[in-house]
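A short write-up of the structure that comes next.
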Amino acid sequence: MSDDVQVPVEIPGASYVVHVGEGLLGSAGELIAAVSKARRIALVTDTTVGELFGIGLASKLVTAGFEVFPLSVPPGEKSKSWATAGELVEAFAEEGIGREDLVVALGGGVIGDLAGFAAASYLRGVGFAQVPTTLLSQVDSSVGGKTGVDLAAGKNLAGAFKQPAIVIADISTLASLPGSEWASGLAEVAKSALIDSEGFTAWVETNSGALRARHEAAAQDAVVRSVTFKSKVVRTDERDEGVRECLNYGHTLGHAIENVAGYGAVPHGIAVAEGMRFAARLSVEVAGATREFVRRQDKLLDGLGLESLKAAYDPDDLLSAMHSDKKARGGRIRFVLSCEPGVWRCEAVSDETVREHLEAWAASKKGV
Ligand SMILES: NC(=O)c1ccc[n+]([C@@H]2O[C@H](COP(=O)([O-])OP(=O)(O)OC[C@H]3O[C@@H](n4cnc5c(N)ncnc54)[C@H](O)[C@@H]3O)[C@@H](O)[C@H]2O)c1
């Protein structure tokens, strides 16, 4: 693959390019200068990512002619808060960030969502660029323009649509990523492949060893394929009013597991993979999927090292967590159901059916 594969995201009035390659931080200054008239840049990161890549990126931006104001928050989901977004916009004002200036998010999905939300609010919207440094943020969260923060009542409950002017996904930054964060990204790759097509799914099956071993060429290909898929979805449904719901495959049970287990207790990728295993089994009854599809998906997830959970959680607790998810509509739990790669639909499933399947799922974990 080339050092800079460019994937266009075509959204009326807000199109941009996702650059994917090894060592792209080195040319980030010129890439950003080519799409922005900014003079000043607020460079938002977390302390972990800041230590790894902050000075390097800031120096490239300065060389390209920008005045750079680094802003750093503690790593982790706790920073995706209304209070931290408030501190950021206050800091933008203190530094004199103007209407034509730019906010650059350097980090994982937390930083992208938080900095994007601050950029969308400040002066009713200033320019924004994403430099994602986790596999999850490169394959998924940096593309599509959803930004936001968590509230006490739940995750992502306040937010705005804010498309970036550019996304720069430097595959080389992924080398320092902890294993559990790698797994989170792989679960989103698997989701994208299964929802997208037979071709992408077969590619993951063939390359699961290389992906698990974190080979850069395979990672770059996975990011390009996932971004191409997400770009197709958001082009059709920028505002999450229809097909974008497919991106939730595996997340109905996945989010409930994370909630019931206590955030952080089950890695996000493992929870989503378990959710995909569950959704496929549910699809056999509700959507006519075959047992062969369930076996194929299990094998694909196993091949990526996304092992199935050894223990279950209480079906009642999971059911109530699913009801509190903002994606439940009119009191009904919705699932993305999949019959075969590339063939899916979203459906409200009755509590009785969900409970029955959760009980079967819990029983299957006994004696594992
Ligand atoms: N906007 C969207 O469309 C969308 C989609 C999916 C998920 N999300 C959001 O994304 C967030 C999760 O993102 P995430 O998984 O990237 O988590 P994250 O941003 O918390 O990053 C995970 C951890 O990895 C560290 N890290 C980041 N890059 C690193 C690197 N290169 N080397 C070493 N450590 C590094 C971070 O400091 C952090 O501790 C959630 O808040 C979720 O809601 C948003």
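When reading the values below, keep in mind they use all heavy atoms of this one structure, side chains included, and skip hydrogens, waters and symmetry mates. Both counts, for ligands and for their atoms, begin at 1 and track the order of listing.
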[X] versus ligand 1: do any nitrogen or oxygen atoms come within less than 3.5 Å of each other?
X	result
Ser176	yes
Lys146	yes
Gly109	yes
Lys80	yes
Pro178	no
Asp46	yes

Name the closest protein heavy atom to [atom], giving the residue it belongs to and the distance to 0.1 Å.
atom	answer
atom 21 (O) of ligand 1	Thr134 CG2, 3.7 Å
atom 29 (C) of ligand 1	Leu177 CD1, 3.5 Å
atom 26 (N) of ligand 1	Val49 CG2, 3.7 Å
atom 28 (N) of ligand 1	Thr133 OG1, 2.8 Å
atom 6 (C) of ligand 1	Ser141 CB, 3.8 Å
atom 44 (C) of ligand 1	Asp113 OD2, 3.2 Å

In terms of hydrophobic clustering (I, L, V, M, F, W, Y; side-chain heavy atoms under 4.5 Å; direct or indirect links), are [X] and [Y] co-clustered?
X	Y	answer
Val204	Ile195	yes
Leu211	Leu306	yes
Met276	Val349	yes

Ignoring hydrogens and geometry, is there a side-chain-to-backbone donor-acceptor pair from [X] to [Y] under 3.5 Å?
X	Y	result
Lys365	Leu309	yes
Thr45	Gly107	no
Thr147	Gly159	no

Side-chain donor-acceptor contact under 3.5 Å, [X] with [Y]:
X	Y	answer
Tyr263	Glu77	no
Glu245	His251	no
His255	Asn248	no

May I ask you to identify, for [X], whether its side chain, its backbone, both or neither come under 4.0 Å of ligand 1 on a heavy-atom basis?
X	result
Val110	both
Asp150	neither
Thr147	neither
Glu77	side chain
Leu136	side chain

Original post:
How would you list, by chain and number, every residue that makes a salt bridge (Lys or Arg N to Asp or Glu O under 4.0 Å) with Asp298, sequence neighbours excluded?
Top reply: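 Partners of Asp298 by the salt bridge (Lys or Arg N to Asp or Glu O under 4.0 Å) criterion, ordered by chain and then number, come out as Arg277, Arg281.
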Subject >> Contacts of type side chain to side chain donor-acceptor pair (under 3.5 Å), residue Asp314, not counting sequence neighbours >> reply: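 Asp314 satisfies side chain to side chain donor-acceptor pair (under 3.5 Å) with no other residue.
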**OP:** For Asp196 and Arg225, run salt bridge (charged side-chain N to carboxylate O under 4.0 Å, His left out): C-alpha distance rounded to whole Å, both residues' side-chain angles, the deciding distance at 0.1 Å, then the answer.
**Re:** CA-CA 10 Å; Asp196 183 51; Arg225 286 170 185 270; over 6 Å; no
Can you name the atoms of ligand 1, numbered from 1 with element, that are less than 4.0 Å from a heavy atom of [X]?
X	answer
Thr48	37 (O)
Gly108	16 (O), 19 (O)
Phe53	31 (N)
Lys155	40 (C), 41 (O), 42 (C), 43 (O)
Pro75	37 (O), 39 (O)
Leu52	32 (N), 33 (C)

**OP:** Please verify whether a non-hydrogen atom of Lys230 lies at under 4.0 Å from ligand 1.
**Re:**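 Yes; Lys230 lies near enough to ligand 1 that a heavy-atom distance drops under 4.0 Å.
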**OP:** For the residue pair Phe278 and Phe335, categorise the inter-ring angle as parallel (less than 30°), tilted (30 to 60°) or perpendicular (more than 60°).
**Re:**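 Phe278 vs Phe335 ring planes: tilted.
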Original post:
Do Phe293 and Val284 touch side chain to side chain, with heavy atoms closer than 4.5 Å?
Top reply: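 Contact flag for Phe293/Val284 side chains = no.
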Subject >> Reference residue Lys146; test side-chain hydrogen bond (donor to acceptor under 3.5 Å, both in side chains); the match among Asp113, Asp240, Asp140 >> reply: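 Testing Lys146 for a side-chain hydrogen bond (donor to acceptor under 3.5 Å, both in side chains) against Asp113, Asp240, Asp140 leaves exactly one candidate, Asp240.
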Subject >> Option set Leu174, Leu114, Thr173, Asn156, criterion heavy-atom distance to atom 31 (N) of ligand 1, minimum >> reply: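 When every heavy atom of Leu174, Leu114, Thr173, Asn156 is considered, Thr173 comes closest to atom 31 (N) of ligand 1.
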